Amino acid sequence: MSPIIGEPADGFRVDFDSNPSLLMEYRFRDIERKWQAQWEARGAYRVTNDPSRPKCYVLDMFPYPSGAGLHVGHPLGYIASDIYSRFKRLKGFNVLHPMGFDSFGLPAEQYAIEHGIPPAVSTDRNIANFRAQLDRIGFCYDWTREVRTSDPSYYRWTQWIFLQLFDSWYDRRQRKARRISELKEILETSGNHDHPCPGDPGLSLAPGEWSSRDEKAREDILMHYRLAYCGHGEVNWCEALGCVLANDEVVNGVSERGGHPVVRRRLRQWYLRITEYADRLLEGLATVDFSDSMKEMQSNWIGRSQGAEVEFEVRTGDAPPDPARRIRVYTTRPDTLFGVDFMVLAPEHELVPSLITEDCRAEAEAYLAWVNSRSERERMAEKRITGAFTGSHCIHPFTGRPIPVWVSEYVLAGYGTGAIMGVPCGDERDHRFATHFGLPITNIIGEAYDGTQANPTKDAVLVNSGFLDGLVMREAIDKAVDRVEADGIGRRRVNYRMRDAAYSRQRYWGEPFPIVWQEGIARPLPEGELPLLLPPLEDLRPGPGGEGPLANLPDWKQTPDGVREVNTMPGFAGSSWYFLRYMDPGNETEFCARTASDYWGQVDLYIGGTEHAVGHLLYSRMWTKALFDLGLIGFDEPFKRLVNQGKIGGDSRIAYRIRGTNRFVSAGLRDAYETDEIHVDVSMVDGIELDTESFRHWRPDLHDATFELEDGKYRCGSRLEKMSKRYHNVVNPDDVVERYGADTFRMYEMFLGPVEQDKPWDTKGIEGVHRFLKKTWRLFMDETKGCIVTDGEPSDAEWKALYRMVRRIGEDTERFSFNTAVSGFMIGVNELTDLGCRKRKVLEPLLVTLAPYAPHLCEELWQAIGHADTVLDQSFPTVEEHYLVESSKAYPVAVNGKTRSELVLPVDADQQTVEAAVLADPVVKRWLEGKTPKKIIHVPNRMINVVV
RNA sequence: GCCUCGGUGGUGGAACCGGUAGACACGCAGGACUUAAAAUCCUGUUCGCCGAAAAAGCGAGUGCGGGUUCGACACCCGCCCGAGGCACCA
C-alpha cells in the first residue's frame, strides 16, 4: 500500500474565479469543491415523484454511523450505485438514489456507557462525519430524502408498522396476513377448526366457545395468532450484555458481538411470526435477481424439509399401552420405517420422566443431570456419543417389534418433535449411536449396506420392509406415508429450521414499543399518540430482572392506563422498511403514500454486503409481504435485483523487532534472528519501504529504535488481511481524495476489479487512473493555449473511436462491469489522443459518457467548452452504428487448431473465396506440406481453421 | 461433512455465446525532453528454445489428470487448493 505522504504536486491554491487562465491545468481540488458547492446550491440531485417519467430506484444498504468513520472499502458499493444512478439519469429515467442512516443500535449505547456521551449526541456527531466523508466523494444522493431510524419522525412509523403486525394474523388457507378483527369473527362463528393456532397447536375452539371465554383468555388466544406477538420462550440470554440475542446473533454458543457466553433462559419476549412466511420467502426467491449463493444462504436458513410425523405406542414394563403416551417422531425418510432399531428423545422431551423404569433410573437420571449441568455451548461442541436407555420400549406400528427408547443430547428439543427414530443402516449418526451402545442393526437395503458404514442412499431396493419390500426407496417414501396416514398413526409434515424472530431487546437505544400492559393484556397505543418518544436517560445500565434500562424510569413506565413495555425494538426494525420511507420521506400522515409506493415500486437495484444475507434481507422481505397482504403497498418483494459488493481487504505492513531489543531488522534479513512482528501504520510506508523517522515518532516506546537496513532501506513484510484499526492498515478515503481527487478515487475503486469480488486495496495502481483523467483533460485544454476544442467535422476514425467507446461503456455499465468500462474509457481516450482529435462533436459526447464516472471533471469541461447547463442532464449518446461497420476483417488462420497466419478478407466473403485465399497463403501452404485439407472451417467475423 | 463461488503473467485484472489467451493498468527495464527533478512521451515486458542482436521461427502455457470438439480459460468426468455459508436439523 502506498502511503499518503507529503504535499501533492500542485499544492498551492489560487482563486480560480478571478484567475480563469489557471483552469488550463487539471486542478481537481478546486474543480471538485466548486461543483460540489454548485450542485448543492442548485439542488441538482433533488428528485420528485413524477409519474409521467419512467422510474429507476437504486439503493445502497444504509450504514450504521460508527465512530470509526469510513474506510476505503465502504464506498465501493456506493460508487457503483452512484455511477449506475447517474447513467440511468442520462438514459432518461427519473432516478431515486437516496441515502440515510441506520442510527439505532448497540455500539452507540456501549459508547455512552463507557464515555458518558448520550447516544443521541454521539450518533449526531458520527452522522455529520459520515456525511462529510460521503460528500467529498461526490455522490448524487438526494439528501432532502435522508432518513435516520433514530429520528422520531421516522420511528413513529416503525412503531406504526409494528402495530399493524400486532393487529394481524396469518391465514394459512389464503396464504396471507389478515386483520385480527377478521380472526375474531371467524373464531366466534366457527371456532378455530379451519385455522389451527400457530402459537399453540393444541388449541381447539369449538364454534361458539369463543364468546364463553373471558377477555384475558381471548386476548391470550389472539396473542398466539398475532404476527407480532409476546410470548415466553427459551431465549439466548447473554449475561455479559444483559440482553437476549436472536438466533443469528449467536455463533457457536457465544454472542456474535464480543464473544460472551450465551445460556438458555426463559423470558418474556416479543417475536415476529416470520415462520408463517417461510414458504413464501422461499418461493419469492424464484422471482428475484439475487446471486445463487445469496439464495442458497436464505433457503438454508429457512431450512425447509419435507417428511412425516409418525406415532409410536409406548410399552413401559407390563403396563398396558396408553394412547396419551405416544412418541411422535419426525422423519424425512418414512421409507426407512422398517429399519428402526431404537428411538431417541431429547433430554428435555416431556415424556422422558414417565419413560424411565426403575431398573434404569439411576443411570438415566445421572445422564439427565449431567446434560443439564452443561451449557448450550458445551452441548453444541460435543463430538462424543452420549446417551442413556430409559428402560421403556415402543411398539413398531407395522411389525409389532419392541424398540428400545433412549435419551441423548444430540436430539434437539426445539426441532421437529424432539424425538427421532434411529435407522442405523441408513443414517451416519444413528449408525455411530447403535455401534457405540451395541444395539443390533437391521439391514433393509441388502447389499447397499456393508455392515460397517451407514448408507444414506435413496436409490437402494428395500428388503425386510414388509409392504415396502422390492420398492426403490425414493418411490417408497410416498407409499409409506400413505399407509401411515391410512392407519391413523401419522401424517405428512413440512418442517423448518428457521425460528420466529426475537423482536425485543433489553436495551435503551432503540424504538420503544407502543404497548401498555393492562392486567396482563397488551394494549396498543392509539395511532394518534405516536410517536412514543424515547425518553432521555442518563443511566443506561440494565433494569431489574433482565429488563431494559427504560425500567429505571418509573415515571415513564407507569401510565394511568397501565405499565409501559420497557423493552425496545431490535436493530432490524428500522431497516426492515426504510426503502419505503425514501419514497415519501416527509409524509406526516402515512408511513408512505400509496401513490408514492405505486410509482417507485420495487427497488430496481440494491447494493450491499453479504453479511446481511439472512438477517436484514429476510426481515425486510417479510415486512414487505405483510404490508402487501394488508393492502398498504402494491408489491410483495422489496428488491428486484441485489448485487453484493466484495470486501476490500487491507494490505498490512510488518516490521520485525529482534526479540528482547528495540532493534528492527529489514524483512530480507530477519531469518538470522528471532523476531516479533509489529504492525506498522501503512501511512509510514512507501511501497514496502519504511520511513524510519516517522516510525520513531509513532509511539513513545519507539523513540530510540534502531534499524538494520538492506541496501540502505528498511523493507517491511506485507500481509493481506481485514482492513482494521488493529492492523494499522486502514486507508481513509479522505486522504485519497485529497491527494488524487474524488473523480480519480471513484474510477480507481471501480478499476480495481469486479464489484462483486473481494480484493486488496493497493494505492499504487491509482496513478494509472489519475494519468488517464489528466490525459482526458488535455484533449480539451492546453496549458498555454487554454481550451483547444474545435468545431470541425470529425473523421471516420474519430467517430469510430468515439462510438466504439460509447457502445462499450453503455453495455458495461448496464451489466455492472465497471472495471472493464474504465478500461474502455482509457482505450478511447488513448485513441483520440493518438488521432489528435479536438473536435467538439466527438468530445462532447465523450464528456456525457464519462460524467457518471468522473462527474466533477466532466462538469468543469462541459462549462469550459461553452455550456451554461449541466452535463448531468444530457442524454447518453446514441451510437451511430454505421461508423462501426467493418468492411474487412483480419482473420486468424489456424491449421489443426493452432493459429499460424493472418489473412485480411472482406467480411462478406463466401466460403469459396475464403478457401481460395487460405490455400494461396504461403504460411498455410508450408503447414499443409502438400497435403489437401479435409475441411476449411470459416466462422464469419471470427476465425478460419484448416483441418488436415 | 454438505452447499455456493473462485483458481489466468511479477501484481490488479480482460477474454460477454466454444473461435487470435494475457485487453486496460500497475510494476519493472531501456530511451526522449530537461541544468536537474516533476510532469509528459516513446519502446519492451507469459515462460522456454534458437540467435551477438533484431526480425522471424519453434515448443509449452489459464490449479492437476482425463474426455468431448475442427477448435476448450469456457462444456463433461475425477482430483487439489482458496474464500464464504450451513452443520448433531432427524
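To find a chain, count down the sequence lines: A is the first, B the second, and so on, and within it residues start at 1. These numbers were taken from a predicted model, which means no experiment stands behind them.
Here, B/U34 and B/C47 have their P atoms 34 Å apart, quoted to the whole Å. Distance noted for atom P between B/G63 and B/G12: 14 Å (whole Å).
Salt bridge status for A/E881 with A/R807: present, with a side-chain N to carboxylate O gap under 4.0 Å. A salt bridge links A/R432 and A/E428; the closest N-O separation between the charged side-chain nitrogens and carboxylate oxygens is under 4.0 Å. Between A/K800 and A/E831 there is no salt bridge, since none of the side-chain N atoms of the basic residue sits less than 4.0 Å from a carboxylate O of the acidic one.
In terms of phosphate contacts, A/N830 brings a side-chain nitrogen or oxygen within less than 4.0 Å of OP1 or OP2 of B/A25. Taking 4.0 angstrom as the limit, A/W927 places a side-chain polar atom (N or O) nearer than this to OP1 or OP2 of B/C58. The side chain of A/K898 contributes no N or O atom lying less than 4.0 Å from OP1 or OP2 of B/G71. Regarding contacts with the backbone of B/A56, every side-chain N or O of A/R900 stays at 4.0 angstrom or more from both OP1 and OP2. Residue A/R429 places no side-chain N or O under 4.0 Å from the OP1 or OP2 atom of B/A87. The shortest distance between the side-chain N/O atoms of A/Y415 and the OP1/OP2 oxygens of B/A90 is below 4.0 Å. The phosphate of B/A14 (OP1 or OP2) has a side-chain N or O of A/N819 nearer than 4.0 angstrom. Contact between the side-chain N/O atoms of A/R942 and the OP1/OP2 oxygens of B/G18 is not found at any separation under 4.0 Å. Checking the phosphate oxygens (OP1, OP2) of B/G6, no side-chain nitrogen or oxygen of A/Q757 falls inside 4.0 Å.
Pairing for B/C75 is with B/G67, a Watson-Crick or G-U wobble pair whose two hydrogen-bonding atom distances lie under 3.5 Å. Shown here, B/G30 forms a base pair with B/C42; the pair counts as Watson-Crick or G-U wobble because both key distances fall under 3.5 Å. Pair assignment for B/C24 gives B/G12, based on Watson-Crick or G-U wobble hydrogen-bonding distances that are each under 3.5 Å. With a cut-off of 3.5 Å on both Watson-Crick or G-U wobble distances, the partner of B/U62 is given as none. Using the Watson-Crick or G-U wobble rule with both distances under 3.5 Å, B/G6 pairs with B/C81. Pair check for B/G1 finds B/C86; Watson-Crick or G-U wobble, both atom distances under 3.5 Å. Pairing for B/G51 is absent, with no Watson-Crick or G-U wobble pair whose two atom distances lie under 3.5 Å.
Counting any heavy atom pair closer than 4.0 Å across all strands shown, A/K934 reaches no nucleic acid atom. Counting non-hydrogen atoms under 4.0 angstrom, A/R926 reaches the backbone sugars and phosphates but no base. Residue-level contact check: A/S823 touches the bases, meaning some heavy atom is under 4.0 Å from a base atom. In this structure, A/A890 reaches the bases: a heavy-atom distance under 4.0 Å links it to at least one base atom across the strands shown. When heavy atoms are screened at a 4.0 angstrom cut-off, A/P754 is found touching the sugar-phosphate backbone but no base atom. Using a 4.0 Å heavy-atom cutoff across all strands shown, A/K295 reaches no nucleic acid atom at all. Looking at heavy-atom distances under 4.0 Å, A/R815 makes contact with a base. Looking at heavy-atom distances under 4.0 Å, A/N945 makes contact with a base. Here A/V411 lies in heavy-atom contact (under 4.0 Å) with a base.
Atom CD1 in A/I766 sits roughly 12 Å away from atom P in B/G27 (whole-Å rounding). Atom-to-atom, CG of A/D812 to C1' of B/C24 comes out at 12 Å; the value is rounded to the nearest Å. Atom CZ of A/F28 is separated from atom C1' of B/A39 by 14 Å (rounded to the nearest Å). Distance A/K759 NZ to B/A25 P: 19 Å, rounded to the nearest Å. For A/R778 and B/C41, the CZ to C1' distance is 9 Å, given to the nearest whole Å. Distance, A/F772 CZ to B/U40 P: 14 Å, rounded to whole Å. The OH-P distance, from A/Y748 to B/U11, rounds to 15 Å in whole Å. The distance between atom CD1 of A/I937 and atom C1' of B/A72, rounded to the nearest whole Å, is 14 Å.
Closest-nucleotide positions on RNA chain B for A/R771 and A/G416 were compared, and the one nearer the 5' end corresponds to A/R771. Residues A/V947 and A/Y410 each lie close to RNA chain B; by heavy-atom proximity, the contact nearer the 5' end of the strand is made by A/V947.
Of all nucleotides listed (B/A25, B/U20, B/G85), B/A25 comes nearest to the side chain of A/F751.
More than 12 heavy atoms of other residues, nucleotides or ligands shown are found within 6.0 angstrom of CZ on A/R491.
Base orientation at B/C17 is syn, since its O4'-C1' glycosidic dihedral falls within 90° of 0. For B/G9, the base is syn relative to its sugar; the glycosidic angle is within 90° of 0.
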### Task
Let me see the working for A/T820 and A/S817 under side-chain hydrogen bond (donor to acceptor under 3.5 Å, both in side chains), right down to the final yes or no.
CA-CA 6 Å; A/T820 54; A/S817 182; 2.5 Å; yes
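The aromatic rings of A/Y84 and A/F816 lie tilted to each other, with the angle between the two planes from 30° to 60°.
With A/Y410 as the aromatic partner, A/R429 does not meet the cation-pi criteria of under 6.0 angstrom to the ring centre and within 45 degrees of the ring axis.
Using a 3.5 Å distance cut-off with no hydrogens or angles, the side chains of A/S901 and A/D921 do pair a donor with an acceptor.
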